[in-house]
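A quick note: this is a predicted structure, and the numbers were derived from the prediction, not measured. Below, each value reflects all heavy atoms present in this structure, side chains not excepted, and no hydrogens, waters or symmetry copies.
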Amino acid sequence: MDITISDIMHLDLMKGIKLIAGAGGTQNKVAKVGILDFEFTRRAAAPTPDRQQHPGEFVLASFLYAADNSDLLLGAVKRMKKNQASGLAIKNVFNLEIDQAVLRYANENDFPVFLFVDYGVYFEDLIVEISRLKDTLAYYALCEDTVNKILHGSFDKTKIKKLALEINYSIKNFYNITYFRPKNEKAQREADCILARGVNKRLFANGDALVKYKAGMFFISSSEAQPQAEEATSDSVNEKLQTNIGQYHVGVSDNQYYLEDIKTAFLQSYYASCHAQLYGRDTSLYKNIGVYKLLFHSLDERWQEDYVNGIITPIEDYDLKNKSGLLSTLLEYERQGGNIKETATALFTHENTVRYRLKKTAEIFSTDISDKNFEFELFMALKLHRMQNLWADTPQVSIQNSDSTPPMSANFVAGL
């Protein structure tokens, strides 16, 4: 499996190695790791070495042959770029002067150049760790493929259980699943670091597993006995992964008791994380997301889109014509559970302003805001509108019986 310079940078050993140029090339693919060192110096009057790098080679070098002539560095970097090497890490034990021309060339050509700041990091250890990283990421790719099979395949329960055990043969029957949805790019990098650390090595023995899925991660926590309450899951997972789960929108499935139901658990945790993102929460438990248990499973239906447009479009048209903010107020009003005071506080406006906008909304539909049926329909449309906006960045998955999965729509398959 291909890995990138960026993937390598998440390794613990890379804490002792600093990127000094060529940051634009961190997505370069790394096919192998090689060492460029020669047992002679210019003092021995040997010719400048011109070893051919392999495409994608990440080069480690102390530049022994350039110990008496730092000017050779620029030529070496140019040759590596020409030969399509992915990057260079210099262990500068000979105190070579790294000229600005080298750094400038690396930056202009997006060729990553690193400098060892910790000489206790050895080439051999780094090569071993990068090899392990390739194996780890290959494992995650296989697991993600397995999850997709579970979600989309038309399998009976025996096959579902077999697929679950392919993720970790030690998974116990009592389990729940947590999905971590990164809140921002920083959290995404943290997720990549967690995956790169290969935490599954210590999780496997306990019947747990970490699985990369889309931008986030599924964490499967299993046990021989009755699982802990869902409310306690987040703290337990935080301890096991040694990370700050506050960087994610976390969704926790219901506790499960049969491995053949793992498809349900995957979807429950995924939907719960969507709910957490919709309402700006750190964690949502699937058992507490209420009507969203129904709504998430039907977002691909045309009738739902028609229903939302019938209510939201007139409000958007009013806002456009009058340069008002009805929709943004209504969305916050729904988010705050219909509490006018909390809505006003969240929007930094007066409560009477919120009341006025609610009245205007009712007038658009020739009704009264105190009409409970209208309020119900309005809230339902606002919830669905919020979900549809999220779905622009979060492809839909739908839950089906594991032994009788009907054909999926084209939009559904493309989205996943």
Side-chain angles (χ1 to χ4, degrees), residues 179-187 216 230-231 233-235 238 244-252 271-296 299 307-394:
Y179 186 73
F180 295 86
R181 181 182 301 271
K183 292 180 178 178
N184 48 45
E185 289 185 7
K186 181 180 179 181
E230 291 90 345
E231 290 82 354
T233 297
S234 293
D235 290 339
N238 188 44
N244 175 19
I245 63 173
Q247 300 179 88
Y248 308 90
H249 295 296
V250 178
V252 182
Y271 288 147
S273 73
C274 292
H275 180 271
Q277 181 173 343
L278 284 172
Y279 288 95
R281 299 177 182 175
D282 287 341
T283 302
S284 285
L285 308 181
Y286 182 80
K287 68 179 183 181
N288 293 337
I289 68 174
V291 71
Y292 283 100
K293 292 180 181 179
L294 296 176
L295 299 183
F296 276 121
L299 269 179
Y307 174 80
V308 174
N309 289 340
I311 295 177
I312 299 300
T313 299
I315 298 172
E316 291 178 327
D317 290 344
Y318 181 92
D319 279 344
L320 184 63
K321 180 179 179 180
N322 297 279
K323 297 181 179 179
S324 55
L326 295 189
L327 184 57
S328 60
T329 299
L330 292 170
L331 287 167
E332 190 59 43
Y333 181 64
E334 186 274 328
R335 183 195 292 269
Q336 299 297 337
N339 187 306
I340 291 178
K341 181 177 180 180
E342 294 297 331
T343 302
T345 299
L347 295 175
F348 301 100
T349 190
H350 196 277
E351 292 178 31
N352 286 338
T353 301
V354 176
R355 293 189 179 94
Y356 173 80
R357 291 174 180 171
L358 293 175
K359 181 181 178 182
K360 277 296 178 184
T361 301
E363 289 176 358
I364 293 174
F365 298 95
S366 302
T367 186
D368 191 277
I369 195 66
S370 62
D371 185 329
K372 293 300 181 183
N373 288 330
F374 170 70
E375 183 182 50
F376 174 82
E377 291 189 15
L378 177 64
F379 268 42
M380 188 65 68
L382 291 167
K383 289 177 186 294
L384 292 170
H385 177 70
R386 192 192 304 279
M387 291 167 63
Q388 288 175 351
N389 287 340
L390 173 63
W391 241 236
D393 299 316
T394 305

Show the numbers, then the answer: is there a side chain to side chain contact (heavy atoms under 4.5 Å, CB included) between Y333 and L347?
CA-CA 10 Å; Y333 181 64; L347 295 175; over 6 Å; no

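- In this structure, H275 NE2 and L295 CG are separated by 10.0 Å, a value rounded to the nearest 0.5 Å.
- N322 places a side-chain N or O within 3.5 Å of a backbone atom of Y318 that can act as its donor or acceptor partner.
- For the pair E316/H385, a side-chain contact is recorded, criterion being any heavy-atom separation below 4.5 Å from C-beta on.
- For S324 against D319, the heavy-atom pair with the smallest separation is OG-OD1, 2.7 Å.
- The line from CG of L384 to OH of Y292 is 7.5 Å long, rounded to the nearest 0.5 Å.
- Between L285 and I289, the shortest heavy-atom contact is O-CG2, 3.3 Å.
- To the nearest 0.5 angstrom, Y356 atom OH is 8.5 Å from L326 atom CG.
- Heavy atoms only, all atoms of each residue included: K183 and G246 are closest at NZ-O, 2.9 Å.
- Pairs of residues two or more places apart, or lying in two chains, that qualify as salt bridge (charged side-chain N to carboxylate O under 4.0 Å, His left out) and include a residue from residues 348-363 are E351-R355, K360-E363.
- Rounding to the nearest 0.5 Å places OG1 of T329 at 8.0 Å from CG of L358.
- Here the shortest heavy-atom pairing between G216 and P182 reads CA-CD, 3.8 Å.
- The line from CG of L278 to OG of S273 is 9.5 Å long, rounded to the nearest 0.5 Å.
- One finds a salt bridge joining E334 and R386 here, because a Lys/Arg side-chain nitrogen approaches an Asp/Glu carboxylate oxygen to under 4.0 Å.
- Not one N or O on the side chain of T353 forms a donor-acceptor pair closer than 3.5 Å with the backbone of T349.
- For the pair M380 and V291, the minimum side-chain heavy-atom distance is below 4.5 Å.
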Which side-chain N or O atoms in residues 307-315 pair as donor and acceptor under 3.5 Å with protein atoms at least two apart or in another chain?
{"residue": "Y307", "atom": "OH", "partner": "E377", "partner atom": "O", "Å": "3.0"}
{"residue": "N309", "atom": "ND2", "partner": "E305", "partner atom": "O", "Å": "3.4"}
{"residue": "T313", "atom": "OG1", "partner": "N309", "partner atom": "O", "Å": "3.0"}

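- If you take CG on L330 and CG on L382, they are separated by 5.5 Å, rounding to the nearest 0.5 Å.
- Partners of Q336 under the side-chain hydrogen bond (donor to acceptor under 3.5 Å, both in side chains) rule, at least two apart in sequence or in another chain, are E332.
- Ring-centre distance between Y248 and Y179: not below the 6.0 Å cut-off.
- Across Y286 and K293, no two heavy atoms sit closer than the pair O-CE, 3.1 Å.
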